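Remarks on the structure that follows.
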There are 2 protein chains.
Amino acid sequence: MSKQVLPLVDDAAVDAGACCAPLVCEPLGVAEAEELAPLFKAIGDPVRLRLLSLIACHEGGEACVCDLTAAFDLTAPTISHHLKVLKQAGLIDSERRGTWVYYWINPGVLARLSALLGPQAQALVGAR
Amino acid sequence: MSKQVLPLVDDAAVDAGACCAPLVCEPLGVAEAEELAPLFKAIGDPVRLRLLSLIACHEGGEACVCDLTAAFDLTAPTISHHLKVLKQAGLIDSERRGTWVYYWINPGVLARLSALLGPQAQALVGAR
DNA sequence: ACACTACTTAGACATTCATCGAATCAGAGA
DNA sequence: TCTCTGATTCGATGAATGTCTAAGTAGTGT
């Protein structure tokens with residue numbers, strides 16, 4: 001259970017990432033691409049994107065699986081599967097408290113992805 | 001050819017997006033999720049992520065297919081396929097000039113994705 | 001101990017996807 | 001017109017993915 005993919009974000013990178021987005025500064029290396037693509041792939045599904053959003057917006061910053069399952073027209077195992085994918089990607093984390101299992105967002109990873117796409121793109125918008 | 005998926009970005013949204021990222025403000029609607037997820041899915045592949053980066057970093061902001069193909073250990077049809085996926089997602093656009101075909105980034109779409117993930121995530125980093 | 005609820009795992013199935021080789025299309029130049 | 005190069009399309013194939021049902025695990029309460 002606890003044996004999870006390493007967070008892929010050190011807090012230093014979060015601050016640093018904001019200043020220079022690799023995507024447009026210099027070509028992404030093969031290794032970085034192979035490391036980052038799975039994160040985008042994980043949120044590249046409508047159900048998982050909504051799950052992420054539901055968790056992020058939920059009061060307290062965390063949500064119980066039963067809340068999440070209720071928001072979809074899918075079976076519990078399917079929701080569980082998608083949560084597992086998000087967790088293995090390092091985007092969310094979870095903890096059992098009594099009967100319920102709670103999930104919350106790992107905001108650092110999200111911020112890193114945003115920084116990768118963002119600032120430079122804004123610059124290009126003006127340039128072109 | 002020119003019949004492409006609509007850009008999915010109005011310039012207003014680019015500016016507006018910077019102030020409030022939907023992902024953490026309120027739950028993403030089903031329709032929005034189904035519209036946005038394919039974009040993340042498109043960049044959720046190492047080859048396509050590198051293609052995007054190579055194009056963005058290339059001098060002049062555009063790159064010829066032959067330049068791109070040379071950077072990979074894949075056949076030309078495969079690269080062509082990935083470029084098509086990126087183009088259909090609205091992330092890049094292309095034009096033929098003589099013998100060569102050039103691709104460039106649609107920065108507005110990238111910026112929108114960044115805004116969706118970004119600012120709120122930064123806020124949560126501090127909060128937690 | 002038993003039953004009940006919440007969630008996850010296992011296995012099956014249909015669909016989608018990444019990749020390739022072969023064929024085709026589009027221009028440039030002899 | 002013929003040929004050469006650059007790029008895309010087509011068809012096939014093995015791998016990955018999303019979903020389900022059925023079964024299992026974990027905790028609560030009687």
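The figures that follow rest on heavy atoms only: side chains count, while hydrogens, waters and symmetry mates do not. The shown structure was predicted, so the numbers you read here are calculated from the model rather than taken from an experiment. Quick note on labels: first sequence line is chain A, next is B, and so on, each numbered from 1.
Between V85(A) and G98(A), it is V85(A) whose nearest contact on DNA chain D lies nearer the 5' terminus.
Counting only heavy atoms from C-beta outward, the side chains of V101(B) and E95(B) never approach each other to under 4.5 Å. Using a 4.5 Å heavy-atom cutoff, the side chains of L36(A) and R112(A) are in contact. Looking at heavy atoms from C-beta onward, L49(B) lies out of side-chain contact with D45(B) at the 4.5 angstrom threshold.
Put simply, CZ on F40(B) and CG on L113(B) are 4.5 Å apart, with the number rounded to the nearest 0.5 Å. Rounded to the nearest 0.5 Å, atoms CG (L86(A)) and CG (N106(A)) are 11.5 Å apart. A distance of 6.5 Å separates CD1 in I43(A) from CG in L110(A), rounded to the nearest 0.5 Å.
Side-chain proximity of C66(B) to the nucleotides dA7(D), dT9(D), dC7(C) is greatest for dA7(D). For W100(A), taking side-chain heavy atoms from C-beta onward, the closest of the listed nucleotides dC7(C), dT8(D), dG18(D) is dC7(C). Distances from the side chain of T99(A) to the nucleotides dA7(D), dT8(C), dT5(C) place dT5(C) closest. Considering only the side chain of K41(A), dA16(D) comes nearest among dT19(C), dA16(D), dT8(D).
Note: CG (L83(B)) to C1' (dG6(D)) measures 13 Å, nearest angstrom. Counting to the nearest Å, the P atom of dG6(D) and the CZ atom of R96(B) are 12 Å from each other. In this entry the distance linking CG of L49(A) with P of dG18(D) reads 13 Å, nearest Å. Following rounding to the nearest Å, E34(B) (CD) and dG18(D) (P) show an atom-to-atom distance of 13 Å. Residue K87(A) contributes atom NZ, which lies 14 Å from atom C1' of dT9(C) at whole-angstrom precision. Straight-line distance from the NZ atom of K84(A) to the P atom of dT19(D): 16 Å, rounded to whole Å. As rounded to whole Å, 15 Å separates atom P of dT16(C) from atom CD of Q88(B). Note: CD (E95(A)) to C1' (dG27(D)) measures 15 Å, nearest angstrom.
Checked against I55(B) for a side chain to side chain contact (heavy atoms under 4.5 Å, CB included), the options L91(B), D67(B), I105(B) give a single hit: I105(B).
Taking the charged nitrogens against the carboxylate oxygens, E34(A) and R50(B) have no contact shorter than 4.0 Å, which rules out a salt bridge.
Residue R48(A) is in sugar-phosphate contact alone, with no base atom involved, counting any heavy-atom pair closer than 4.0 Å across all strands shown.
In this structure, R96(A) fails the cation-pi test against Y102(A), since its NZ or CZ atom is not both closer than 6.0 Å to the six-membered ring centre and inside 45 degrees of the ring normal.
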Are any protein N/O atoms closer than 3.5 Å to N/O atoms in nucleotides 12-14 of chain C? If there are, list each pair with its distance.
none

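Residue Y103(A) has no polar side-chain atom (N or O) positioned under 4.0 Å from OP1 or OP2 of dC7(C).
Residues L68(B) and V85(B) do not share a hydrophobic cluster, defined by chaining ILVMFWY side chains whose heavy atoms lie under 4.5 Å apart.
Near DNA chain C, meaning a heavy atom under 4.0 Å away, the residues from residues 71-82 of chain A are A76(A), P77(A), S80(A).
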